[in-house]
Peer 1: 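First, the structure itself, so that you have it in front of you.
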2 protein chains.
Amino acid sequence: MKFSESEENYIKGIYALQQKSKRVNTNSLASLLETSAASITDMLKKLKSKKLLDYKKYHGFRLNEEGNREALKIIRRHRLWEYFLVSKLGMDWEKIHDIAEELEHVSSKELIDRLDQFLGNPTRDPHGDPIPNEFGIMPEVNQISLKDLQLKRSARISSVSDQSPELMEMLNNYGIRIGTPIKVLQSFDFDGSLKVKIARQPDQMISGLAAENIFVYDY
Amino acid sequence: MKFSESEENYIKGIYALQQKSKRVNTNSLASLLETSAASITDMLKKLKSKKLLDYKKYHGFRLNEEGNREALKIIRRHRLWEYFLVSKLGMDWEKIHDIAEELEHVSSKELIDRLDQFLGNPTRDPHGDPIPNEFGIMPEVNQISLKDLQLKRSARISSVSDQSPELMEMLNNYGIRIGTPIKVLQSFDFDGSLKVKIARQPDQMISGLAAENIFVYDY
DNA sequence: AAATAATTTTAGACAAATCTAAAAAATATT
DNA sequence: AATATTTTTTAGATTTGTCTAAAATTATTT
Ligand SMILES: [Mn+2]
Ligand SMILES: [Mn+2]
Ligand SMILES: [Mn+2]
Ligand SMILES: [Mn+2]
């Protein structure tokens with residue numbers, strides 16, 4: 001089935017929130033999509049009628065099998081385009097998300113599978129997020145948030161939240177990229193700030209909020 | 001200013017029809033866009049109010065300076081994406097038009113200028129149509145329709161109408177591509193059919209309607 | 001120059017996606 | 001357990017883009 005741009009954005013939003021909590025609620029989706037709760041309810045009815053959603057009034061909702069499949073297709077398109085924008089067009093990682101937000105809605109399967117091949121079947125997008133393959137299989141990730149990394153453990157940046165160009169701008173400033181070695185030296189209870197060592201740079205401080213949005217491979 | 005996908009499709013349609021006749025009329029645009037005459041009138045009002053259109057009720061319409069500029073931007077995006085689909089992803093020329101019809105609405109200027117550079121600043125799309133540069137300058141074309149080519153003149157295919165995958169399917173069958181040498185040997189008054197010599201192949205017949213939609217450089 | 005035909009516009013309706021304000025239901029607090 | 005608060009849904013509008021049928025205008029034919 002074909003879905004509208006709006007429907008696709010809602011599907012993707014629900015998928016994202018499902019990763020954090022079993023059932024999703026109206027308000028959290030409204031705030032993610034920057035829309036009103038009433039609009040969410042309207043769309044829930046539609047997605048339910050299209051059989052993508054398990055939804056019981058007043059008791060949250062989640063994508064069913066079919067809905068998840070659809071979400072993975074959209075995410076695949078989004079992340080492949082992001083990879084293209086960086087690897088082929090040389091764009092900066094803080095600019096690509098908004099453009100991919102539009103490109104993801106062009107839904108020719110042949111286009112996307114050929115793009116995938118052209119790019120060399122990448123498994124991670126420029127923010128470190130896994131790219132589903134053409135069968136909708138998402139590569140596994142075992143990463144933890146930087147804020148949960150044990151003191152003095154050697155780790156590498158695996159991914160960063162793709163939700164904020166402002167975060168990426170700051171990470172550029174820290175010299176943080178996907179793959180950069182990092183170690184937490186000290187944690188401050190006052191506000192969750194961390195003292196970190198990034199690659200071979202001198203020790204630096206990083207805020208708790210930033211640390212929450214940075215993920216690492218611990219090994 | 002930003003325009004909706006619909007507005008952009010109308011702008012592009014008007015631009016195309018303007019190439020054939022000074023002023024455009026409601027019914028021809030309706031038939032090009034496969035929509036009703038009433039919908040055309042509705043959109044004309046909107047485009048006029050947005051100052052893209054010179055429009056007088058019952059007396060046709062055409063894009064003004066600003067409207068033409070906007071049309072050229074959309075055409076540039078469309079043709080660059082078509083070039084990408086063929087040159088980088090290896091898609092067939094009869095499949096690309098519909099996909100570019102969607103991709104053309106992603107309007108980041110930086111994206112398109114980088115794509116242009118990545119592709120090596122091509123001047124023709126896979127159907128032989130000229131690609132406007134980043135300043136909206138359209139490369140010149142001096143081509144004539146195959147049906148107007150003098151008998152026995154050596155010519156080469158310069159472009160083919162991009163409006164019909166069915167035509168392209170047939171051209172594949174004839175072995176016709178952009179650049180293929182062609183010569184008209186005889187013209188039949190009965191239905192405008194032509195006897196042609198394509199490259200080094202044996203003589204073949206081609207219909208008048210096909211000939212109208214094939215363009216050549218005459219030299 | 002009427003009458004007729006063709007073209008274009010208007011009137012009115014509808015679906016999709018959104019909103020605000022009010023009502024209903026669920027949850028938390030006393 | 002009753003009340004207050006929060007969350008969610010519904011009711012009713014609005015905008016965009018579309019449609020059909022009818023009216024208005026222009027063009028063509030007699
Ligand atoms: Mn999107
Ligand atoms: Mn990403
Ligand atoms: Mn289009
Ligand atoms: Mn083309």
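Computed over heavy atoms, backbone and side chain alike; hydrogens, waters and symmetry mates excluded. Chain naming here is simple, since letters A, B, ... match the order of the sequence lines and numbering starts at 1 in each.
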Peer 1: Tell me which nucleotide among C:dT20, C:dT9, C:dT18 gets nearest to the side chain of A:S36.
Peer 2: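 The nucleotide sitting nearest to the side chain is C:dT20.
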Peer 1: Using atom CD1 of B:I40 as one end and atom C1' of D:dT18 as the other, report the distance to the nearest whole Å.
Peer 2: 11 Å
Peer 1: Give a yes or no on whether a salt bridge exists between B:E104 and B:R76, defined as a side-chain N under 4.0 angstrom from a carboxylate O.
Peer 2: no
Peer 1: Phosphate oxygens OP1/OP2 of C:dT10: is one of them under 4.0 Å from a side-chain N or O of B:K57?
Peer 2: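 For C:dT10, OP1 or OP2 has a side-chain N or O of B:K57 closer than 4.0 Å.
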Peer 1: Expressed in angstrom and rounded to an integer, what is the separation of B:D42 atom CG from C:dG12 atom C1'?
Peer 2: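 Those two atoms, CG and C1', are 11 Å apart.
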Peer 1: Just one of B:D125, B:I96, B:L119, B:I99 clears the side chain to side chain contact (heavy atoms under 4.5 Å, CB included) bar with B:F84, so which one?
Peer 2: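 Single pass found, and it is B:L119.
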Peer 1: Counting any heavy atom closer than 4.0 Å, what does B:T26 reach on the DNA or RNA strands: base, sugar-phosphate only, or nothing?
Peer 2: sugar-phosphate
Peer 1: Can you tell me how far P of D:dT8 sits from CG of A:L44, to the nearest Å?
Peer 2: 10 Å
Peer 1: Taking the six-membered ring of B:F118, is NZ or CZ of B:K88 closer than 6.0 Å to its centre and within 45° of its axis?
Peer 2: yes
Peer 1: Can you see if the side chain of A:Y55 gets near the phosphate of D:dT8 - specifically, an N or O under 4.0 Å from OP1 or OP2?
Peer 2: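 The answer is no; no side-chain N or O of A:Y55 sits under 4.0 Å from OP1 or OP2.
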Peer 1: Just checking, is any N or O donor in the side chain of A:E110 or A:S108 under 3.5 Å from an acceptor N or O on the other one?
Peer 2: no
Peer 1: Quick one: A:K45 NZ to C:dA15 C1', roughly how many Å, whole number?
Peer 2: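 From A:K45 NZ to C:dA15 C1': 15 Å.
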Peer 1: Could you check which of C:dT20, D:dT8, C:dT18 has an atom nearest any side-chain atom of A:A38?
Peer 2: C:dT20
Peer 1: Quick check: on DNA chain C, is the nucleotide nearest A:Y10 upstream (toward 5') of the one nearest A:Y58, or the reverse? Name the residue that is more 5'.
Peer 2: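 The 5'-side residue here is A:Y10.
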Peer 1: Find the distance A:K56:NZ to D:dT7:C1' and express it as a whole number of Å.
Peer 2: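 Distance check: A:K56 NZ to D:dT7 C1' gives 19 Å.
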Peer 1: Check the distance between C:dT9's C1' and B:L29's CG and give it to me in whole angstrom.
Peer 2: 15 Å
Peer 1: Measure the distance from NE2 on B:H59 to C1' on C:dT9 and round it to the nearest whole Å.
Peer 2: 13 Å
Peer 1: Out of B:L171, B:L146, B:L167, which residue meets the side chain to side chain contact (heavy atoms under 4.5 Å, CB included) rule with B:I176?
Peer 2: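 Single side chain to side chain contact (heavy atoms under 4.5 Å, CB included) partner of B:I176 among B:L171, B:L146, B:L167: B:L171.
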Peer 1: A:S6 side chain N/O closer than 4.0 Å to the phosphate oxygens (OP1, OP2) of C:dT18?
Peer 2: yes
Peer 1: Tell me whether the side-chain N/O atoms of B:T35 come closer than 4.0 Å to OP1 or OP2 in D:dC19.
Peer 2: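 B:T35 to D:dC19 OP1/OP2: side-chain N or O found under 4.0 Å.
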Peer 1: Using whole Å, what does the distance between atom C1' of nucleotide D:dT8 and atom CE of A:M43 come to?
Peer 2: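 Rounded to the whole Å, the gap is 17 Å.
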Peer 1: So if I take every side-chain heavy atom of A:N25 and compare against D:dT26, C:dC19, D:dT8, which nucleotide ends up nearest?
Peer 2: D:dT8
Peer 1: With respect to the phosphate group of D:dT18, does any side-chain polar atom (N or O) of B:S39 fall under 4.0 Å of OP1 or OP2?
Peer 2: no
Peer 1: Would you say a side-chain N or O of B:N27 is under 4.0 Å from OP1 or OP2 of C:dA6?
Peer 2: no
